[in-house]
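The block underneath contains the structure these notes are about, expressed in structure tokens.
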Amino acid sequence: MTSAAWKPRYRLARYAASLSLLMLWNAPADARSLETVIERGALTLCASPNALPFASKTGPVPGFQIELGEKIAEQLGVKLTREWVVSATQYRRADCDLVLDVIARKDTPPAGGVRISRPYHRSGVVLAVRSDSHASSLANLGSDQRVGVPVGSLVSMTLAKGGAATSPFVFEDDIVAALANREIEAAAVTPMTVGWFNLQHADKPLRLIPAFDNDQDLNWNIAAGLLRPDDKLRQRVDAAIEALLADGTIARIYARYGIELRSPQ
């Protein structure tokens, strides 16, 4: 299988990879303590090997998950090691301490002994349009103007119920590419996808419209997922994230990938 063929699989997985990891993880019950991490001298992060802007095993930039993981490990006084995972089977086998960009919802507690850190970012779904579009809301779109949506997603069902014309895509990258190529009039995607696209296409940036800000199902906090931590390890990771938020480290890391850090709610 060529790299061009398998790259999209990572893109498909990355949107909900962290949440899937939490649901599928059946790790042993033994906790990994802060003392163990310190003795090992390493904090292990699970990440996808080819899913920029999230993470990359090769290339000129590592991805913001890798950069943030390194900073958290640094706060703990250890190095960051990486486990590259692309499927649920590998998730089960990987001996990880940490995953990043986990969707944190109070009504959906994680399974398998996973514990959530304090949230550090707010994400969700936005409406993206081309810079020359006159649209300022969903209502400005004509009945025949299509909105690109992830296939089978909640936002696709929400828009369909409201009577919007939609075009399903498997990958968010393909949705914003179709928008830039004038195949559709708008895109319902995450701000991270748009920010990364704009960073790479400064000559034709997309504009964001907060069309779904009032829909709680389409907005969520982002946190770190800790696998089998003891209380001390979780507290140290919380403190690390708190410090990295306070000194602007997380905002600077996100900005390097075209992403604006938003305060969790």
Side-chain angles (χ1 to χ4, degrees), residues 7-20 51-54 64 101 103-105 107-108 119 121-222 251 254-255 257-265:
K7 179 179 178 181
R9 298 181 186 277
Y10 297 132
R11 291 188 295 169
L12 173 64
R14 80 187 191 196
Y15 185 81
S18 297
L19 185 60
S20 297
L52 285 175
F54 294 83
F64 62 77
D101 295 293
I103 296 175
R105 301 186 66 113
D107 59 349
T108 310
H121 181 50
R122 182 75 173 170
S123 190
V125 182
V126 296
L127 193 69
V129 296
R130 291 182 295 276
S131 58
D132 60 357
S133 171
H134 297 297
S136 58
S137 69
L138 274 170
N140 295 140
L141 297 176
S143 59
D144 60 341
Q145 293 182 312
R146 292 193 170 274
V147 180
V149 295
V151 63
S153 64
L154 181 58
V155 69
S156 72
M157 292 185 282
T158 301
L159 290 173
K161 287 180 181 177
T166 61
S167 290
F169 292 79
V170 176
F171 311 115
E172 287 203 354
D173 313 57
D174 293 335
I175 300 177
V176 292
L179 176 59
N181 291 331
R182 299 184 178 279
E183 298 168 21
I184 54 178
E185 290 302 315
V189 293
T190 58
M192 290 182 175
T193 295
V194 179
W196 181 241
F197 178 90
N198 285 347
L199 191 67
Q200 298 177 306
H201 302 83
D203 58 326
K204 49 181 179 181
L206 304 178
R207 177 166 56 86
L208 296 182
I209 298 173
F212 308 105
D213 272 9
N214 295 325
D215 190 330
Q216 291 299 311
D217 290 331
L218 298 179
N219 293 272
W220 51 81
N221 287 337
I222 295 293
Y254 270 24
Y257 296 88
I259 301 162
E260 180 182 0
L261 182 67
R262 298 173 60 199
S263 298
Q265 297 178 5

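Excluded from the calculations below are hydrogen atoms, water molecules and symmetry mates; all remaining heavy atoms, backbone and side chain alike, are included.
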For Asp213, all residues meeting salt bridge (Lys or Arg N to Asp or Glu O under 4.0 Å), sequence neighbours excluded: none
Pairwise salt bridge (charged side-chain N to carboxylate O under 4.0 Å, His left out) hits with a residue in residues 175-202, at least two apart: Arg130-Glu185, Asp132-Arg182
Donor-acceptor pair, side chain of Asp101 and main chain of Ile222, under 3.5 angstrom: no
For the student: nearest non-hydrogen atoms of Ser167 and Arg146, plus distance: OG-CD, 3.0 Å
Test item: Phe212 and Asp217 side chains (from C-beta on) under 4.5 Å apart, heavy atoms: no
Arg207 versus Ser131, closest heavy-atom pair with distance: NE-O, 4.5 Å
Indicate every side-chain donor-acceptor pair of residues 149-165 with a distance under 3.5 Å to a residue at least two apart or in another chain.
unit_1	atom_1	unit_2	atom_2	d
Ser153	OG	Pro150	O	2.7
Ser153	OG	Ser156	N	3.2
Ser156	OG	Ser153	N	3.3
Ser156	OG	Ser153	O	2.6
Thr158	OG1	Leu154	O	3.0

Nearest atoms (heavy-atom pairs only) where Met192 meets Ile259: CG-CD1, 3.9 Å
Side chain proximity check, Glu260 to Pro191, heavy atoms < 4.5 angstrom: no
Minimum heavy-atom distance between Asn221 and Pro119, given as atom pair plus value: CB-CB, 3.9 Å
Main-chain N/O of His121 paired to Arg262 side chain as donor or acceptor, under 3.5 Å: no
Side chain to side chain contact (heavy atoms under 4.5 Å, CB included) between Trp220 and Val125, intermediate numbers included: CA-CA 9 Å; Trp220 51 81; Val125 182; 4.1 Å; yes
Short side-chain to backbone donor-acceptor contact, Asn198 and Leu206, under 3.5 Å: yes
Check against side chain to side chain contact (heavy atoms under 4.5 Å, CB included), Phe197 and Leu179: CA-CA 11 Å; Phe197 178 90; Leu179 176 59; over 6 Å; no
Check: Thr193 main-chain N/O paired with Asp173 side-chain donor or acceptor under 3.5 Å: no
Approximate separation, where rounding is to 0.5 Å, of Leu199 CG and Tyr257 OH: 10.0 Å
Within 6.0 angstrom of Asn181 CG, more than 12 heavy atoms from elsewhere: yes
